[in-house]
Amino acid sequence: MPDDMFATIDTAIRETAGVTDALLAEGGEHADLASTVAFSLAKQRKQAPVKIAQDLVAELKKRPELSTVTIEAKGPYINFIFGKAYVSDVIRAAVKPGYGNLETKTQRVVLEHTSANPNGPLHVGHIRNSIIGDTLARAFRKAGYPLEVEYYVNDMGRQIAIVVWGFNNLDSTQLPGEKEDAHIARIYIAANREIEKDEGITQQVNLLMQRVESGDPATVEKFKKEVSRCLDGFRVTMKNLNVAHDKFVWESDFIRNGSTEEIIGRLKEKPQAREDETLYLDLSEFGFENKYVIRRSDGTSVYAARDLAFHAWKGKNFDRVIDVLGADHKLIGAQLQCTMKVLGEKVPEIVFFEFVSLPEGSMSTRAGKFISADDLITEVRKRAFDEVTVRRPELPEDERRKIAASVGLAAIRYDIVKVSPEKSTVFDWKEALDFERQSGPYIQYAHARACSILEKADDVTECFELETEQEIALAKQIARFPGIIKRVVAELRPNLLAIYARELADTFNSFYHFEQVLKSEGKVRDRRLTLVLAVQNTLKEALETLGIDAIRSM
RNA sequence: GGGCCUGUGGCUUAGCCUGGACAUAGCGCCGGGCUUCUAACCCGGAUGCCGGGGGUUCGAAUCCCCCCAGGCCCGCCA
């Protein structure tokens, strides 16, 4: 609903009842908005809530600014139902391209997501990060924010050193047709097996890490080569998932440009700094009991130090810094935020998501226990192609493949984004391959159905005067969209959009089965076609914000 | 041992931050609907001590405390 409507009613209640909080909220099935202010006034006025509600309604009805709103007392509740003029305005806005776009902002936002270690392919856990992040990114752009999306490339960690050791010491020939990231995983897994057998290898790995930090050209080159190859693999996977980054930022750059040393220097001056063999921060005054190590005894920096430099850099270039991270990063994320505050730097906001596990236990790249995103994409597309072939046998094969790719993508993205990030999940093939209710394809189908009607209608004479209960219900569902976008970016909860899109599809499907569009005549036909156009446009905008193709036929 | 997250019909899940009108939907189950705009659909039905126990409140799935269960974290890894 438009904010001004909320604000108008909110103010009216506060003035009429003489309260500071109108207790105004969405009225669900009862009303567009409802207030429970009568409850809270009962004690003070020594009157029954029902009586207070009745009295307030009588007063509110006198206000000219509420003349188009139906106001009624239902027991102690005060219900507000918007008039037809409101519904007309909504549809008028919703038929225009870009419906749901909010006003342009000047606040610059940087969003980091995925940032998986380049030691093996993206698996179904990593892409939860990608999909949450990419959906947030799309929502931020829709909400009018200038946005940069970054991938932080961890190119100098122990895992990468292990990969490089493997390429140096093991048979590392790439198999025919083997994707780069899968190749790297194979060598990484094999190298880890060798390390388990021979502890001496760890020394060689440490040596590699020291060399890369000191900038030894040959070692740096080797690290860069394998990391780049892995990222090439990631790019293919992410493209298939409709996930995009504006910039890949390399961790090692923050060593080479001196900013890590600079941050370490500043940290040394802080009262929380402690130096013995290592340099670490004592953050116990903020509730962190463990040491926050910044530099190893051999003089090399740790991930935390480079991460601080990276975030300081982001804070200088952007007004709002957001990271999407797995729940295993909660502690270090909180320590990072705390340290940034100590340094007087901008504190990043962090969206955490809980783990995706397999029925047999948690995933592990090192142990080779994971389902890769590439395998998931292949399977889902195959299943989608079979489905399309059954439903549309008359279409040429390349057409069916195209639809299957879009349907498969929708199934994967929706399946992941619909769940609240704070919920841990167990990967389930049956659910991933389900194209029915509460799925991405279900919403695509509703959109394609609307497109089909519009196609057959030839011309649409716009008419915004809605009448029936089904029409009004659908229009009010459409009206919620801009508010949903606003909430997604304010609360950093992309699943709200997923739920909304499904509810809009539900409402449209009901409308479709109860109200004839093409077969009605005159004004009725005009207004219903206009409504279908509004739904189609809103579904399209919502799907695209979810990173799902709004295909016109399926 | 400590910290964080989660616990809602057989299964999955919304709502929880910002307390309010019969707790949201899907899968599965039972029954109905394709000579009708795309049935990847729609309509109806059964299924809930909202993990357990206390507390705050006129009112608690929602806020507070305790307990139980599961996940994650507590490294000179990232």
Side-chain angles (χ1 to χ4, degrees), chain A residues 21 23 25 27-31 34-36 38-40 42-43 49 74-77 79 115-117 119 154 156-160 206 209 251 277-280 287-291 293-304 306-307 326-332 334 352-355 357 362 384 387-388 390-392 407 411 418-426 428 430-431 434-446 448-457 491 493 495-496 499 502-503 505-506 509-510 512-520 528-529 532 553-554:
Chain A
D21 186 348
L23 299 173
E29 67 212 88
H30 306 282
S35 168
T36 53
F39 285 109
S40 62
K43 201 176 265 180
K74 266 272 171 64
Y77 298 90
N79 290 340
S115 302
N117 280 328
N119 60 347
N154 304 130
M156 51 187 310
R158 179 168 295 274
Q159 282 94 330
I160 310 312
N206 288 345
M209 289 171 71
E251 184 181 5
E277 305 257 293
T278 64
L279 172 68
Y280 68 93
F288 300 101
E289 296 310 325
N290 59 325
K291 293 179 178 181
V293 175
I294 302 299
R295 198 175 56 202
R296 298 190 183 93
S297 52
D298 67 4
T300 58
S301 62
V302 295
Y303 171 82
R306 297 163 231 144
D307 206 26
D328 53 337
H329 287 67
K330 274 189 178 178
L331 178 59
I332 58 151
F352 289 108
F353 65 94
E354 291 286 335
F355 266 45
S357 58
S362 39
E387 191 71 32
V388 175
V390 169
R391 291 164 189 281
R392 306 290 298 276
V407 166
K418 73 178 179 190
V419 182
S420 305
E422 67 271 16
K423 228 143 187 157
S424 49
T425 63
V426 177
D428 181 343
K430 188 177 163 288
E431 265 174 52
D434 184 11
F435 303 149
E436 299 193 342
R437 295 279 302 227
Q438 301 205 340
S439 76
Y442 169 82
I443 302 164
Q444 285 179 308
Y445 190 77
R449 175 181 262 172
C451 287
S452 172
I453 293 174
L454 295 168
E455 205 111 319
K456 292 195 166 107
E491 302 174 27
R493 282 165 59 198
N495 61 310
L496 295 177
I499 304 290
R502 194 212 80 218
E503 286 174 347
D506 285 346
N509 282 333
S510 284
Y512 173 86
H513 285 276
F514 283 108
E515 309 278 38
Q516 293 287 346
V517 179
L518 294 175
K519 286 185 180 154
S520 45
R528 287 187 184 166
L529 271 173
V532 171
S553 167
M554 63 188 278

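In what follows, every chain begins at residue 1, and chains take the letters A, B, ... in the order their sequences are listed.
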### Message
Counting the atoms with a prime plus P, OP1 and OP2 as sugar-phosphate, which does A/V517 contact under 4.0 Å by heavy atoms, base, sugar-phosphate, or nothing?
### Response
base

### A/Y442 vs B/C42: side-chain N/O to OP1/OP2 distance below 4.0 Å
yes

### Message
Heavy atoms only, 4.0 Å cut-off, all strands: where does A/R295 land among base, sugar-phosphate and nothing?
### Response
nothing

### Task
Remember a base hit wins even if backbone is also touched, and classify A/R528 as base, sugar-phosphate or nothing at under 4.0 Å, heavy atoms.
nothing

### Task
Please measure how far the P atom in B/G51 lies from the corresponding atom in B/U6, and state the result in whole Å.
12 Å

### Query
Contact class for A/F514 vs. all strands (heavy atom < 4.0 Å): base, sugar-phosphate, or nothing?
sugar-phosphate

### Message
Need one value for A/S420: base, sugar-phosphate or nothing, where a base atom within 4.0 Å counts as base even if backbone is also close, heavy atoms only.
### Response
sugar-phosphate

### Message
Does A/E491 reach a base, just sugar-phosphate, or nothing at all? Heavy atoms under 4.0 Å.
### Response
base

### Query
Counting side-chain heavy atoms from C-beta on, which of B/U57, B/U38, B/C76 comes nearest to A/T278?
B/C76

### Partner residues of A/S301 under the side-chain hydrogen bond (donor to acceptor under 3.5 Å, both in side chains) criterion, sequence neighbours left out
A/E213, A/R306

### Task
Calculate the interatomic distance between A/L23 atom CG and B/A21 atom C1'; express it in whole Å.
15 Å

### Query
Do any side-chain nitrogens or oxygens of A/S362 fall under 4.0 Å of OP1 or OP2 in B/C72?
yes

### Task
Determine the contact category for A/K291: base if any of its heavy atoms lies under 4.0 Å from a base atom, sugar-phosphate if only primed atoms, P, OP1 or OP2 are that close, otherwise nothing.
nothing

### Task
Take atom NE2 of A/H30 and atom P of B/U24, then tell me their distance rounded to the nearest Å.
10 Å

### Query
Of all the choices, B/C73, B/A78, B/C37, which nucleotide is nearest to the side chain of A/D328 once you look at every atom?
B/C73

### Summary
Among the nucleotides B/A14, B/C41, B/C77, whichever has the atom closest to the side chain of A/Y445 is B/C41

### Query
Quick one: which of B/C43, B/U57, B/C77 gets closest to the side chain of A/S510?
B/C43

### Task
With C1' as the reference atom in both, quote the distance from B/G71 to B/C30 in angstrom, rounded to an integer.
37 Å

### Task
Could you state the atom-to-atom distance from CG of A/N290 to P of B/G1 in whole Å?
19 Å

### Query
Which part of the nucleic acid does A/V426 contact within heavy-atom distance under 4.0 Å: base, sugar-phosphate only, or nothing?
nothing

### Complement of B/C27, any strand, by Watson-Crick or G-U distances under 3.5 angstrom
B/G10

### Query
Given that both distances must come in under 3.5 Å, which nucleotide forms a Watson-Crick or G-U wobble pair with B/G1?
B/C74

### Message
Categorize A/E515 for me: base, sugar-phosphate, or nothing, with a 4.0 angstrom heavy-atom threshold over every strand shown.
### Response
base

### Message
Distance check needed: B/U12 P versus A/D428 CG, whole Å only.
### Response
10 Å

### Task
Indicate, with a heavy-atom threshold strictly under 4.0 Å, whether A/N119 touches base, sugar-phosphate, or nothing.
nothing

### Query
B/C74 phosphate, OP1 or OP2: any side-chain N/O from A/K330 under 4.0 angstrom?
no

### Query
What is the nucleic acid contact for A/E289, judged by heavy atoms within less than 4.0 Å: base, sugar-phosphate only, or nothing?
nothing

### Query
To the nearest 0.5 Å, how far apart are CG in A/N509 and CZ in A/R437?
7.5 Å

### Query
Between B/C37, B/C76, B/U6, which nucleotide gets closest to the side-chain atoms of A/S297?
B/C76

### Task
Among B/A21, B/A14, B/C27, find the nucleotide with the atom closest to the side chain of A/R437.
B/C27

### Query
So how far is it from A/F288 CZ to A/L331 CG, rounded to the nearest 0.5 Å?
6.5 Å

### Query
Which part of the nucleic acid does A/I332 contact within heavy-atom distance under 4.0 Å: base, sugar-phosphate only, or nothing?
base

### Message
If the threshold is 4.0 Å, N to carboxylate O, is there a salt bridge linking A/E354 and A/K330?
### Response
yes

### Task
Using a cut-off of strictly less than 4.0 Å, decide whether A/R449 has a side-chain nitrogen or oxygen near OP1 or OP2 of B/C42.
no

### Task
Could you check which of B/A14, B/C22, B/C5 has an atom nearest any side-chain atom of A/K423?
B/A14

### Query
A/E422 CD to B/G70 C1': how many Å, rounded?
16 Å

#### Entry: Rounded distance in Å between the C1' positions of B/U36 and B/A46
31 Å

### Message
Is any side-chain heavy atom of A/V388 closer than 4.5 Å to one of A/M554?
### Response
no

### Query
If we take the P atom in both B/C49 and B/U8, what is their distance in whole Å?
11 Å

### Query
Quick one: which of B/A14, B/U36, B/A78 gets closest to the side chain of A/Q516?
B/U36

### Message
Need to verify one output field. Residue with the more 5' nearest nucleotide on RNA chain B, A/A304 or A/K519?
### Response
A/K519

### Query
When you measure from the side chain of A/R493 to the backbone N and O of A/S420, does any donor-acceptor pair fall under 3.5 Å?
no

### Query
Of all the nucleotides listed (B/A39, B/A21, B/C27), which has the minimum atom distance to the side chain of A/Y512?
B/A39

### Atom-to-atom span, CZ of A/F39 to P of B/A60 - whole angstrom
12 Å

### Query
Nearest to the side chain of A/S553, which nucleotide is it out of B/C22, B/U6, B/U38?
B/U38

### Query
Can you name the closest pair of heavy atoms from A/D434 and A/S439 and give their distance?
O-CB, 3.6 Å

### Task
Quick one: label A/A327 by what it contacts on the DNA or RNA (base, sugar-phosphate, nothing), any heavy atom closer than 4.0 Å.
sugar-phosphate

### Atom pair distance, as rounded to whole Å: CD1 in A/I499 and C1' in B/U13
8 Å

#### Entry: Base-pairing assignment for B/U35 (Watson-Crick or G-U wobble, both under 3.5 Å)
none

### Message
Can you measure A/Q438 atom CD to B/U12 atom C1' for me and round it to whole angstrom units?
### Response
8 Å

### Query
Hey, does the side chain of A/R493 come within less than 4.0 Å of B/C16's phosphate (OP1/OP2), counting only N and O?
yes

#### Entry: Side-chain heavy-atom pair A/E491, A/L496 within 4.5 angstrom cut-off
yes

### Sugar-phosphate, base or nothing in reach of A/A457, heavy atoms under 4.0 Å
nothing

#### Entry: Test item: A/R392 and A/S553 side chains (from C-beta on) under 4.5 Å apart, heavy atoms
yes

